Undergrad: 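Here it is: the structure, laid out below.
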Amino acid sequence: MNDNLEIEKTYMEYLGKANEVFKIQQKVYLPYAVSGLLLFGIGGSAFFWASPQNALWMFSAGLVTGIVDTTVGTLTARKKVLAEANAVETSLKLPGFSEFFKLFYHRRWWPNQMVTGEKYQQFLSIIGRN
């Protein structure tokens, strides 16, 4: 019985750390998303004050730069959180945390309560208890 409580405690620790690392992703991504929307909005506003030919060009430029900015933000945030997950695994000595986090980050696979069945077995495998 104590083993099950220990595993559940470990699961909750991994889940809590995964949520903390995910919040870092949001902080890194948000400025890029805001600036991308602003660039798109500025380009779109050209329809109200520029000639039709210039407005279309400005709108297109705003759209493209907004998409590029948002894409750069996505890639930067992804790189940052995966590096942070590796750092957490190393510094806190949480074996398999990077693998656990990748499933959390990419598929939102881990629920907020203790898992059962296949996910339980996979969690045990990730932490080296299987």
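Computed from a predicted model, the values in this text were never measured in an experiment.
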Undergrad: Can you give me the closest heavy-atom contact between V28 and K80, atom names plus distance?
TA: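 It is CG2-CG, 3.9 Å.
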Undergrad: What I'd like to find out is whether the side chain of M114 reaches to under 4.5 Å of the side chain of I7, using heavy atoms alone.
TA: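 M114 reaches I7 side chain to side chain.
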Undergrad: Can you see which heavy atom on A55 is nearest to which on A46, and at what distance?
TA: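 Smallest interatomic distance, heavy atoms only, reads CB-O, 3.5 Å.
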Undergrad: Check whether M12 and F100 end up in the same hydrophobic cluster, where Ile, Leu, Val, Met, Phe, Trp and Tyr are linked by side-chain heavy atoms less than 4.5 Å apart.
TA: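 Same cluster: M12 reaches F100 through Ile, Leu, Val, Met, Phe, Trp or Tyr contacts under 4.5 Å.
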Undergrad: Is there a path of hydrophobic side-chain contacts, each under 4.5 Å between heavy atoms of I/L/V/M/F/W/Y residues, joining L92 to Y11?
TA: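 Yes, it is one cluster - the side chains of Y11 and L92 are joined through contacts under 4.5 Å.
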Undergrad: Rounded to the nearest 0.5 Å, what's the gap from CD on E118 to OG on S125? Could you check?
TA: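 Going from the CD atom of E118 to the OG atom of S125 covers 11.5 Å.
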Undergrad: Do M58 and I42 belong together in a cluster built from hydrophobic side chains that touch within less than 4.5 Å?
TA: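 The answer is no; the residues belong to distinct hydrophobic clusters.
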Undergrad: Return the minimal non-hydrogen interatomic distance between R129 and E6, and the atom names on each side.
TA: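 Reported closest heavy-atom pair: NH1-OE2, 3.3 Å.
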Undergrad: Report yes if some heavy atom in the side chain of N86 is under 4.5 Å from a heavy atom in the side chain of F101; otherwise report no.
TA: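 They are not in side-chain contact.
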Undergrad: To the nearest 0.5 Å, how far apart are CG in L82 and CD in Q25?
TA: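 Here the interatomic distance stands at 10.0 Å.
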Undergrad: So T70 and Y29, do their side chains get closer than 4.5 Å, heavy atoms only?
TA: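 Result yes, sub-4.5 Å side-chain heavy-atom pair found.
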Undergrad: Using a cut-off of 6.0 Å, state whether more than 12 heavy atoms not belonging to K119 lie near its atom NZ.
TA: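 Above 12, so yes.
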Undergrad: Quick one: do L38 and L30 end up in the same hydrophobic cluster if we chain Ile, Leu, Val, Met, Phe, Trp and Tyr together by side-chain heavy atoms under 4.5 Å apart?
TA: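 L38 and L30: one cluster.
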Undergrad: Enter the distance from T10:OG1 to L5:CG here, rounded to the nearest 0.5 Å.
TA: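 Reported to 0.5 Å precision, the distance equals 10.5 Å.
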Undergrad: Under 4.0 Å between a Lys/Arg side-chain N and an Asp/Glu carboxylate O for E20 and K17?
TA: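 Salt bridge between E20 and K17, a charged N being under 4.0 Å from a carboxylate O: yes.
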Undergrad: Please report the closest heavy-atom contact between Y32 and D69, naming both atoms and the distance.
TA: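 The answer is O-OD2, 2.9 Å.
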Undergrad: Please report the shortest heavy-atom distance between F40 and L63, naming the atom on each side.
TA: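 So the two residues come closest at CE1-CD1, 3.4 Å.
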Undergrad: Quick check: closest heavy atoms across E89 and G96, and the distance to 0.1 Å?
TA: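 Shortest heavy-atom contact: OE2-N, 3.3 Å.
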Undergrad: Could you tell me the separation between the NZ atom of K79 and the OG1 atom of T74, rounded to the nearest 0.5 Å?
TA: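 Going from the NZ atom of K79 to the OG1 atom of T74 covers 14.5 Å.
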Undergrad: Under 30°, 30 to 60°, or over 60°: which ring-plane class applies to Y14 and F123, parallel, tilted or perpendicular?
TA: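 Perpendicular, since the angle between the ring planes exceeds 60°.
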Undergrad: Kindly indicate whether the side chain of Q122, heavy atoms from C-beta on, has any atom under 4.5 Å from the side chain of L103.
TA: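 Yes. Closest side-chain heavy atoms under 4.5 Å.
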Undergrad: Strictly distance-based, threshold 3.5 Å: is any side-chain N or O of T76 a donor or acceptor partner for the main-chain N or O of G73?
TA: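 Pair absent, no side-chain N/O of T76 close to backbone of G73.
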Undergrad: Is L39 reachable from F59 through a run of hydrophobic residues whose side-chain heavy atoms are each under 4.5 Å from the next?
TA: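 No, F59 does not connect to L39 through the hydrophobic network.
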